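Below is one structure, written out as structure tokens; comments come after it.
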Amino acid sequence: MSKTILVTGATSGFGKAIAERFAKEGYTICITGRREERLAEIKAALEKQYGVKVVTLTFDVRDRKQVEDAVSHLKTQVEHIDILVNNAGLASGLATIDEGDIDDWEVMIDTNIKGLLYVTRQVAPMMKACASGHIINIGSTAGNVVYKNGNVYCATKFAVDALTQAMRIDLLPYGIKATAINPGMAETEFSIVRFHGDEERAKGFYADVNALRAEDIADIAWYCASLPPHVCINDLTVTCLTQANSVYSIKEAERVKPA
Ligand code: NDP
Ligand code: 8X3
């Protein structure tokens, strides 16, 4: 019987790449997001290319009832969830604490913290019942070190770090692994969303930094998931070569190239 992975926020970026990486390994794939058409396209592509079963669930992680209904439906489609990747998330805006848009703050807190909790609360009991499973939370370097204007987004990712630690403790007796993957700058739709659809500004953010790709994070998720049963990566921070942490980065042009 094939193993099953549930990836939230799989309509683009990391989530989409993680779904594809695990489809390549023969997993049954459950993908979620709000954009139904994209989920349908990804399902068709993965089924065609890898011959795996793909289940799509269209819901907003901020809506507790939608999350409960979606996971209830999922239970009729798959027997067990081996891996949950809590990936759905976003930054909205970049402003000082005295000028930030409170609506942006609500969206980030509701998605990155409460959404992650709603999904986990539904899936963790399924894993507990089988005394096995792996929860991979996508944190961020923003959850290691706060950067200027990052305030609330950083706070949500600090919360993801705390919750990953908490999950590892609470689920320890049941053999359930909890891993935080903390990426630095990666060129996905992330900055387009952060800058409220300003694609030029988003492009400028990644100019000449050779940022991480979604596929890099997918390979890392696969690495964490494919280790022997007794080995659990607790947290893993990854940046591109021109970034040291969430505060310090340079441009490719500033890097001394090997002779
Ligand atoms: P993308 O914008 O490309 O993908 C975000 C995904 O999250 C989409 O599939 C989106 O789906 C989903 N999503 C957002 N809000 C909701 C919601 N309310 N309900 C359901 N799904 C939602 O960005 P990334 O792939 O870069 O981001 C993925 C995760 O990685 C996020 O948690 C982000 O904070 C984190 N991260 C990103 C980094 C980066 O530099 N790119 C670095 C470190 C961490 P849809 O819109 O269809 O609902
Ligand atoms: C996303 C990375 O540095 O853009 O979590 O906040 S950063």
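Each ligand, and each atom within it, is numbered from 1 in the order the structure gives. Keep in mind that what you see is a predicted model, and the values were worked out from it rather than measured.
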Would one find an N or O of [X], backbone or side chain, under 3.5 Å from an N or O of ligand 1?
| X | value |
| --- | --- |
| Gly15 | no |
| Tyr206 | no |
| Ser140 | no |
| Ala186 | yes |
| Gly33 | no |
| Asn112 | no |
| Ile138 | no |

Tell me, please: is [X] in heavy-atom contact with ligand 1, that is, under 4.0 Å?
| X | answer |
| --- | --- |
| Ala10 | yes |
| Lys16 | no |
| Gly184 | yes |
| Ser191 | no |

Would you mind listing which atoms of ligand 1 come within a distance below 4.0 Å of any non-hydrogen atom of [X]?
| X | result |
| --- | --- |
| Phe59 | 19 (N), 20 (C) |
| Gly13 | 3 (O), 25 (O) |
| Arg62 | 18 (N) |
| Met185 | 40 (O) |
| Gly139 | 43 (C), 44 (C) |

Backbone N or O of [Y] within a donor-acceptor pair of the [X] side chain at under 3.5 Å?
| X | Y | value |
| --- | --- | --- |
| Thr8 | Ala88 | yes |
| Thr239 | Ala244 | no |
| Lys157 | Ile138 | yes |
| Arg168 | Asn234 | yes |
| Glu47 | Val54 | yes |
| Ser246 | Val145 | yes |

Option nearest [atom] (shortest heavy-atom distance, choices [options]):
| atom | options | result |
| --- | --- | --- |
| atom 10 (C) of ligand 1 | Val193, Asp63, Thr11, Val119 | Thr11 |
| atom 18 (N) of ligand 1 | Thr156, Ile31, Asp60 | Asp60 |
| atom 43 (C) of ligand 1 | Ala17, Pro183, Ser92 | Pro183 |
| atom 3 (O) of ligand 1 | Ala88, Ser12, Gly89 | Ser12 |

Have [X] and [Y] got a donor and an acceptor in their side chains that come within less than 3.5 Å?
| X | Y | result |
| --- | --- | --- |
| Tyr50 | Glu20 | yes |
| Thr164 | Asn137 | yes |
| Thr237 | Asn144 | yes |
| Thr120 | Asn86 | yes |
| Thr4 | His80 | no |
| Ser191 | Tyr206 | yes |

In the protein, what heavy atom is nearest to [atom], and what distance, to one decimal place, separates them?
| atom | result |
| --- | --- |
| atom 25 (O) of ligand 1 | Phe14 N, 2.9 Å |
| atom 48 (O) of ligand 1 | Arg34 NE, 2.6 Å |
| atom 23 (O) of ligand 1 | Thr188 OG1, 3.4 Å |
| atom 3 (O) of ligand 2 | Tyr147 CE2, 4.0 Å |
| atom 4 (O) of ligand 2 | Phe190 CE2, 3.5 Å |
| atom 29 (C) of ligand 1 | Asn87 O, 3.1 Å |
| atom 6 (C) of ligand 1 | Gly9 O, 3.6 Å |
| atom 33 (C) of ligand 1 | Tyr153 OH, 3.7 Å |
| atom 19 (N) of ligand 1 | Val61 N, 3.0 Å |

Any nitrogen or oxygen of Gln243, side chain or backbone, less than 3.5 Å from one on ligand 2?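 Checking ligand 2 against Gln243, no N or O pair falls under 3.5 Å apart.
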Quick check for you: to the nearest 0.5 Å, what is the distance between His73 atom NE2 and Cys30 atom SG?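 SG of Cys30 is found 9.5 Å from NE2 of His73.
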Verify the cluster assignment for Leu90 and Leu116: are they in a single hydrophobic cluster under the rule of side-chain heavy atoms below 4.5 Å apart?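 No, no single cluster joins them.
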Using the rule that two of Ile, Leu, Val, Met, Phe, Trp, Tyr join whenever any of their side-chain heavy atoms come within less than 4.5 Å, decide whether Leu6 and Leu117 are in one cluster.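 They do share one cluster, since a chain of ILVMFWY contacts under 4.5 Å joins Leu6 to Leu117.
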Using a 4.0 Å cut-off to any heavy atom of Ser140, which atoms of ligand 2 qualify?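 Taking each heavy atom of Ser140 in turn, ligand 2 has 1 (C), 2 (C), 5 (O) under 4.0 Å.
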Carboxylate-amine/guanidinium contact Lys65 Glu68, below 4.0 Å: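 Between Glu68 and Lys65 there is no salt bridge, as every charged N stays at least 4.0 Å from the carboxylate O atoms.
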Are Glu41 and Lys16 ion-paired here, with the side-chain N under 4.0 Å from a carboxylate O?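 A salt bridge is absent here (no side-chain N lies under 4.0 Å from a carboxylate O).
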Checking contacts here: is it the side chain or the backbone of Glu187 that comes within 4.0 Å of ligand 1, counting heavy atoms only? Could be both or neither.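 None of Glu187 does.
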Kindly determine whether Thr242 and Glu254 satisfy side chain to side chain contact (heavy atoms under 4.5 Å, CB included), including the steps that lead there. CA-CA 9 Å; Thr242 53; Glu254 296 173 82; over 6 Å; no
